[in-house]
2 protein chains.
Amino acid sequence: MNSSNTFGAYKLFFATLANDSRLTILGIIRKEPKNLSEICKITGFEQSMVSHNMKLLEYHGMVFVEKKGKFKYYSLNKNTIKPLLDLIDQHTNKYCCKILEGKR
Amino acid sequence: MNSSNTFGAYKLFFATLANDSRLTILGIIRKEPKNLSEICKITGFEQSMVSHNMKLLEYHGMVFVEKKGKFKYYSLNKNTIKPLLDLIDQHTNKYCCKILEGKR
DNA sequence: TAAATAGATGAATATAATTTCATATGAATA
DNA sequence: TATTCATATGAAATTATATTCATCTATTTA
């Protein structure tokens, strides 16, 4: 990860969200916090993969963590991620009709 | 590019912005439209690289194009990209103090 | 219409991100 | 305290993305 240029923060931000697994996970903890094992069970994702990904999401402030004993509960950062997704929904509806109609 | 899942549109959206060259280009056309050669000159980027990237940006509705003779002028989609960058600035300030302080 | 300039394209290469695997650590409880 | 469950970690393998290179087409103008 290159963070040495002007847009480094943006780049890291977007890169963190440009991943299906992480987006799926964000979708799951959108309603209520879940711990790592729960996320694995729900998604079918492998444990260490989820762990790696949660670290990234946490590092970039997209999720918050609360440790309860041996469990770690993750919750969505609703302050920015929620409005962000809304904004993109808008954009997608207006400008990206082509997107998702098929492969490029 | 996998667009077959629920988050496909998000994924593509973020992936398009998760690139230093493209972010640099967006920064340049933020103020006023520029054609491809101008973008190359200003950035020092190679012509075909810029061409490939502009195609992506256009395809995802992040820039608009106007053809004038043999030139193609690109302008920023200020409807969504501008507020989006603002939102992320906010997020970055609040939650991502760690980001950009060094390598991970 | 030939030369020059702007941009496009596809395949090859280079680079980077993601996932998996094996294993480690830490907390809880039988 | 031995075992079990939750999570972490690093390196290897995989997969995805970006960039370059050579070449092509389109438009303008001498």
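Treat the numbers as computed from the prediction; the structure is a model and nothing was measured. All chains are named by letter (A, B, ...) in the order of the sequence lines, taking the proteins before the strands, and each is independently numbered beginning at 1. All heavy atoms count here, side chains included; hydrogens, waters and symmetry mates do not.
Between B:Arg30 and B:Lys78 the shortest heavy-atom distance is O-CE, 3.3 Å. In plain terms, the two heavy atoms of A:Phe45 and A:Val50 that are nearest each other are CB-CG2, 3.6 Å.
Rounded to whole Å, atom C1' of D:dT17 lies 13 Å from atom CG of A:Asn19. Computed from coordinates, the A:Leu57 CG to C:dT18 C1' distance equals 13 Å when rounded to whole Å. Per the geometry, CG belonging to A:Asp20 stands 9 Å off P belonging to D:dT17, to the nearest Å. One can place OH of A:Tyr73 at 10 Å from P of D:dA6, the figure rounded to the nearest angstrom. Atom-to-atom, CG of A:Leu56 to P of D:dT9 comes out at 12 Å; the value is rounded to the nearest Å. Summarising the geometry, the separation between NZ on B:Lys11 and C1' on C:dT18 is reported as 10 Å, rounded to the nearest angstrom. As rounded to whole Å, 13 Å separates atom C1' of C:dT9 from atom CG of B:Leu36. Distance CE (A:Met49) to P (D:dA6): 19 Å, rounded to an integer number of Å.
Of the residues in residues 37-44 of chain A, those with a non-hydrogen atom less than 4.0 angstrom from any atom of DNA chain D are A:Ser37.
A:Asn19 is linked by a side chain to side chain donor-acceptor pair (under 3.5 Å) to nothing, counting only residues two or more places apart in sequence or in another chain. For A:Ser48, the side chain to side chain donor-acceptor pair (under 3.5 Å) partners are A:Glu46, not counting sequence neighbours. In terms of the side chain to side chain donor-acceptor pair (under 3.5 Å) criterion, residue partners of B:Lys82 (sequence neighbours excluded) are, by chain and number, B:Asp86. Looking at residues two or more places apart in sequence or on another chain, you find a ring pair (Phe, Tyr, Trp, His ring centres under 6.0 Å) between B:Phe64 and A:Tyr95. Scanning for side chain to side chain contact (heavy atoms under 4.5 Å, CB included) contacts around B:Ile28 gives B:Thr24, B:Lys34, B:Ile42, B:Thr43, with sequence neighbours left out. By the side chain to side chain donor-acceptor pair (under 3.5 Å) test, B:Asn35 is found to be paired with B:Glu38, B:Tyr73, residues two or more places apart in sequence or in another chain being considered.
Take the nearest nucleotide of DNA chain D for A:Met54 and for B:Ala18: the residue whose nucleotide is more 5' is A:Met54.
Within the 4.0 Å cut-off from OP1 or OP2 of C:dA6, not a single side-chain nitrogen or oxygen of B:Lys34 is found. Residue A:Ser21 places at least one side-chain N or O closer than 4.0 Å to OP1 or OP2 of C:dT19. Contact between the side-chain N/O atoms of A:Asn53 and the OP1/OP2 oxygens of C:dA17 is not found at any separation under 4.0 Å.
A salt bridge (Lys or Arg N to Asp or Glu O under 4.0 Å) check over residues 61-71 of chain A, counting only residues at least two apart or in different chains, returns nothing.
With a 4.5 Å cut-off on side-chain heavy atoms, A:Ile25 and A:Met54 count as touching.
The side chain of B:Lys72 approaches C:dA8 more closely than any other nucleotide in the set C:dA11, C:dT18, C:dA8. Among the nucleotides D:dA8, C:dT19, C:dT9, the one closest to any side-chain atom of A:His52 is C:dT19.
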Quick one: what's the B/S/- string for nucleotides 22-30 of chain D, heavy-atom cutoff under 4.0 Å, read 5' to 3'? B----BS--

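Nucleotide C:dA30 forms a pair with D:dT1, judged by Watson-Crick or G-U wobble geometry with both contacts under 3.5 Å.
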